[in-house]
Protein chains: 4
Amino acid sequence: MGGTMDVTKQQRRGNTRQRIQDVALDLFAEQGYEKTSLREIAEHLDVTKAALYYHFKTKEEILVSIFDDLTQPILDLIEWGRQQPHTLETKQEIVRRYSATLAGATPLFRFMQENQATVRELRVGETFKERMQGLREIIVDPEADLTDQVRCVSAIFTLHAGMFFLQDIAGDPEAKRKAVLEVATDLVTQAHRGGAEG
Amino acid sequence: MGGTMDVTKQQRRGNTRQRIQDVALDLFAEQGYEKTSLREIAEHLDVTKAALYYHFKTKEEILVSIFDDLTQPILDLIEWGRQQPHTLETKQEIVRRYSATLAGATPLFRFMQENQATVRELRVGETFKERMQGLREIIVDPEADLTDQVRCVSAIFTLHAGMFFLQDIAGDPEAKRKAVLEVATDLVTQAHRGGAEG
Amino acid sequence: MGGTMDVTKQQRRGNTRQRIQDVALDLFAEQGYEKTSLREIAEHLDVTKAALYYHFKTKEEILVSIFDDLTQPILDLIEWGRQQPHTLETKQEIVRRYSATLAGATPLFRFMQENQATVRELRVGETFKERMQGLREIIVDPEADLTDQVRCVSAIFTLHAGMFFLQDIAGDPEAKRKAVLEVATDLVTQAHRGGAEG
Amino acid sequence: MGGTMDVTKQQRRGNTRQRIQDVALDLFAEQGYEKTSLREIAEHLDVTKAALYYHFKTKEEILVSIFDDLTQPILDLIEWGRQQPHTLETKQEIVRRYSATLAGATPLFRFMQENQATVRELRVGETFKERMQGLREIIVDPEADLTDQVRCVSAIFTLHAGMFFLQDIAGDPEAKRKAVLEVATDLVTQAHRGGAEG
DNA sequence: GATGAATGAGGTTTCATTCAT
DNA sequence: AATGAATGAAACCTCATTCAT
């Protein structure tokens with residue numbers, strides 16, 4: 001039986017785990033976590049549901065593994081941020097780096113944004129919240145006045161929103177990304193100055 | 001059997017429809033649409049699932065009815081906005097009014113935000129998108145440069161984010177609401193000036 | 001409330017029972033008994049389900065009442081047939097009369113034919129079987145040889161089949177009815193002769 | 001759990017699909033399609049409802065699979081008939097072969113006959129109609145006069161009726177089958193002669 | 001003569017998961 | 001490394017029926 005395996009199947013050898021993650025993320029992002037069944041994932045890969053269970057213990061674990069792989073850069077960013085001085089330049093750099101991170105894992109962030117209700121009850125929900133908390137800590141000055149704190153949070157959300165909600169606005173994607181980055185940078189800059197002046 | 005109905009049940013008579021909507025929205029907002037089963041809603045109300053179907057044709061229709069009832073103010077706001085001159089004051093007033101609208105229907109907006117993936121495949125998804133589109137039209141100047149357009153969209157998102165994502169930030173809720181409003185107003189103001197100066 | 005009843009509704013007064021029977025028979029014949037729900041019947045009549053229960057005790061009783069009203073002619077025919085001599089003329093007359101009876105209650109017979117499985121578990125099933133049994137008794141000579149008995153049964157079935165299964169054959173309906181009647185008459189005639197000769 | 005599976009269950013392995021078809025056909029024929037629930041089928045087989053869905057995508061597909069398996073002979077018969085000359089002998093042979101086909105799939109034909117209303121809305125309904133249409137085409141001469149056409153259709157219906165409606169008539173089954181076949185053969189013979197003479 | 005509100009039973013279907021092979 | 005077969009739980013939904021008004 002193994003001998004009659006066709007070429008397509010042979011090529012798959014050994015990277016099924018990765019392929020599951022890829023397909024799963026695509027489907028999760030497109031349809032949501034609950035609406036994506038393991039049957040569907042399996043069918044897209046032309047394997048059986050049981051095969052998924054060889055590679056992952058549960059449906060949730062598929063998501064966890066994707067999440068862990070793709071959000072490592074955020075962890076790194078937070079780690080880096082913690083060791084920097086709380087200067088304006090640092091904050092601007094954080095915004096720049098976070099923007100790049102988002103761009104490198106768009107489907108996952110889209111998924112996290114669009115499935116918050118679901119994700120909240122999952123392990124990744126808690127983890128993601130912690131990451132966001134960490135991000136806030138390195139970008140928001142707890143001593144600043146409330147308005148400036150909001151500005152910093154807003155900067156992060158502007159970046160998030162930029163990924164999806166600007167899709168329906170006309171314009172070249174790269175131009176839009178730059179515009180979004182500019183607005184976000186502006187927001188942290190104002191926040192910083194506000195604090196300095198106040 | 002009907003004769004032995006207890007007082008609690010009698011009082012309910014005639015407002016079951018409303019009560020279904022209330023409980024459903026609570027649960028939808030808390031757990032998500034998919035994770036909330038009709039059984040659960042029914043149990044909370046101490047009626048049978050079939051009773052829900054007497055008042056609503058499908059699960060989706062429950063959501064639609066809630067949505068239609070609670071988003072009427074946005075429709076009114078868009079209508080109003082269309083008839084105003086495109087001045088800075090108008091935009092600031094739109095931000096103020098939208099902020100008030102959000103405050104008046106927090107659970108629904110929380111739900112819409114946190115269940116985007118699900119909602120996208122539902123009728124309310126399309127409708128909501130249209131509403132947001134309408135809102136953008138009255139607040140974003142298509143002639144302005146991209147950065148200023150992003151500022152306006154960002155203002156709306158700041159208001160949205162303000163409802164939920166600031167929950168973990170310390171501070172008096174009313175103070176936070178004002179801070180959020182201020183940042184959003186700032187953003188449209190800058191956008192307007194930018195356009196004027198550019 | 002009664003005072004504001006519109007004209008259409010006023011006209012309905014007093015014949016609702018009949019109207020239920022009419023609509024029910026139409027739907028039963030078209031979709032089958034099981035697939036036709038009381039909700040559907042009620043909607044067609046623009047009344048509530050509960051109204052049906054004012055006129056009939058159960059769904060089955062609606063069918064029973066229709067059946068009893070429309071199959072009385074068969075009862076009469078059997079009664080008549082029992083008092084006639086067992087001549088060829090009698091048999092031919094039975095075929096002629098039965099053909100007329102069928103023509104006068106096509107939807108019911110269509111229903112009975114197409115819902116035998118369902119009807120078998122209903123009270124009308126038993127009754128219908130008895131009627132058919134009675135019909136057989138007056139047209140089949142138990143002394144005749146088996147082939148001729150089959151001819152007589154076949155005559156009855158030819159009449160039944162004539163109602164529906166010839167629909168897809170081209171030709172004027174009245175011409176078809178006559179052709180069917182001729183074949184059926186032929187069959188009983190041959191049966192009679194066979195018996196006489198054998 | 002799997003290890004403690006009893007002998008009876010082990011023997012079943014690998015032929016569950018066939019067993020589902022068998023039990024389903026029995027129950028469909030006995031009680032009708034709608035009245036037969038998947039729960040019932042599953043219970044008869046001592047498996048869960050979900051097991052049925054492993055083997056068939058829907059309830060309807062169970063029926064389709066049974067139908068396709070059992071009506072293949074009719075397809076073959078039509079195919080054969082189309083290649084024969086339109087002689088009397090051919091028609092008589094068709095009657096003989098069709099009679100044999102019916103005898104080999106009695107429960108299915110009983111089911112189709114007794115559940116026409118239901119079946120009409122199912123995929124098999126359309127298919128069955130086409131088959132019957134095909135059968136008519138090879139046995140009915142469209143040039144013949146209407147009465148003779150009716151005779152041929154009547155022959156087919158006599159065969160159908162023979163399977164069920166003669167059940168209540170006394171007599172040895174094999175003798176009855178022969179009698180039915182004789183009457184049907186007679187009908188096509190008369191039809192053929194009529195055409196020849198007319 | 002009819003409605004409004006509700007129920008209890010049961011329907012088909014889908015899902016994540018298991019396990020022997 | 002993966003399959004085939006199956007399960008248990010639960011989902012949405014529909015139906016005939018009831019009864020106070």
Side-chain angles (χ1 to χ4, degrees), chain A residues 1-2 5 9 12-14 16-17 34-42 45 47-60 62, chain B residues 1-3 5 9-10 12-17 34-40 42 45-60, chain C residues 1-2 5 9 12-14 16-17 34-42 45 47-60 62, chain D residues 1-5 9-10 12-14 16-17 34-40 42 45-60:
Chain A
M1 278 244 161
M5 199 167 31
K9 249 185 179 159
R12 264 173 221 157
R13 271 262 182 78
T16 303
R17 198 190 136 91
E34 322 254 15
K35 286 280 272 277
T36 302
S37 67
L38 295 185
R39 177 182 53 67
E40 214 173 347
I41 297 175
L45 291 165
V47 297
T48 62
K49 270 182 291 175
L52 305 183
Y53 279 89
Y54 177 80
H55 294 281
F56 299 94
K57 256 210 285 288
T58 64
K59 182 184 180 184
E60 186 173 354
I62 300 180
Chain B
M1 280 233 164
M5 198 170 30
K9 247 182 181 166
Q10 288 211 35
R12 263 173 224 158
R13 272 275 175 67
N15 65 337
T16 303
R17 197 189 138 94
E34 323 251 17
K35 286 280 273 274
T36 302
S37 67
L38 295 184
R39 177 184 55 67
E40 215 173 347
L45 291 166
D46 199 30
V47 295
T48 60
K49 274 176 289 169
L52 306 184
Y53 281 92
Y54 175 76
H55 292 282
F56 299 95
K57 260 208 281 289
T58 62
K59 184 184 179 183
E60 186 173 353
Chain C
M1 277 244 161
M5 198 168 33
K9 249 184 180 163
R12 262 172 224 159
R13 272 263 181 75
T16 302
R17 197 189 138 92
E34 324 252 15
K35 284 281 271 280
T36 302
S37 68
L38 295 186
R39 178 183 52 68
E40 214 173 348
I41 297 175
L45 291 166
V47 297
T48 61
K49 269 183 292 173
L52 305 183
Y53 279 90
Y54 177 80
H55 293 281
F56 299 94
K57 257 211 281 291
T58 64
K59 183 184 181 184
E60 187 173 350
I62 299 180
Chain D
M1 278 240 165
T4 64
M5 199 169 33
K9 246 182 182 166
Q10 288 211 35
R12 263 173 222 158
R13 272 274 175 68
T16 304
R17 197 189 139 93
E34 324 250 16
K35 285 280 272 276
T36 302
S37 68
L38 295 183
R39 179 184 54 66
E40 214 173 349
L45 291 165
D46 199 29
V47 295
T48 61
K49 275 177 289 169
L52 306 184
Y53 279 91
Y54 175 76
H55 293 281
F56 298 94
K57 261 208 281 291
T58 62
K59 183 184 180 183
E60 185 173 352

- Complement of F:dA10, any strand, by Watson-Crick or G-U distances under 3.5 angstrom: E:dT13
- Base partner of F:dA20, which must satisfy Watson-Crick or wobble distances under 3.5 Å: E:dT3
What's the [atom1]-[atom2] distance between [X] and [N], to the nearest Å?
{"X": "B:Leu45", "N": "E:dT7", "atom1": "CG", "atom2": "C1'", "answer": "15 Å"}
{"X": "C:Tyr54", "N": "F:dT21", "atom1": "OH", "atom2": "C1'", "answer": "15 Å"}
{"X": "D:Lys57", "N": "E:dC15", "atom1": "NZ", "atom2": "C1'", "answer": "17 Å"}
{"X": "C:Ile41", "N": "F:dT17", "atom1": "CD1", "atom2": "C1'", "answer": "14 Å"}
{"X": "C:Leu52", "N": "E:dG1", "atom1": "CG", "atom2": "C1'", "answer": "13 Å"}
{"X": "A:Arg17", "N": "F:dA2", "atom1": "CZ", "atom2": "C1'", "answer": "16 Å"}
{"X": "C:Lys35", "N": "E:dT12", "atom1": "NZ", "atom2": "P", "answer": "12 Å"}
{"X": "A:Leu38", "N": "F:dA9", "atom1": "CG", "atom2": "P", "answer": "19 Å"}

- Query: F:dT3, F:dG8, E:dT3: which one has an atom nearest the side-chain heavy atoms of C:Ala50?
  - Reply: E:dT3
- Query: Considering only side-chain heavy atoms of D:Ala51, which listed nucleotide, E:dG11, E:dT7, F:dT7, is closest?
  - Reply: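 Among E:dG11, E:dT7, F:dT7, the one nearest the side chain of D:Ala51 is F:dT7.
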For [X] and [N], is the shortest distance between a side-chain N/O and OP1 or OP2 below 4.0 Å?
{"X": "B:Ser37", "N": "F:dA11", "result": "yes"}
{"X": "B:Thr48", "N": "E:dG8", "result": "no"}
{"X": "C:His55", "N": "E:dA2", "result": "yes"}
{"X": "A:Thr16", "N": "F:dA2", "result": "yes"}
{"X": "D:Arg39", "N": "E:dT12", "result": "no"}
{"X": "B:Tyr53", "N": "F:dT14", "result": "no"}

- Backbone of C:Ser37 reached by a side-chain donor or acceptor of C:Lys49 within 3.5 Å: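 No, C:Lys49 side chain to C:Ser37 backbone: no donor-acceptor pair under 3.5 Å.
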- Got a donor-acceptor contact below 3.5 angstrom from the D:Lys59 side chain to the D:Thr36 backbone? yes
- Does the base of E:dT7 carry an N or O that pairs as donor and acceptor with the side chain of B:Lys49 under 3.5 Å?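 Between E:dT7 and B:Lys49, which were checked side chain against base, a qualifying N/O pair under 3.5 Å is absent.
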- Query: Quick one: CD1 on C:Ile41 to CD1 on C:Ile62, what's the gap to the nearest 0.5 Å?
  - Reply: 5.0 Å
- Residue pair A:Glu34/D:Thr58 against DNA chain E: nearer the 5' end by closest nucleotide is D:Thr58
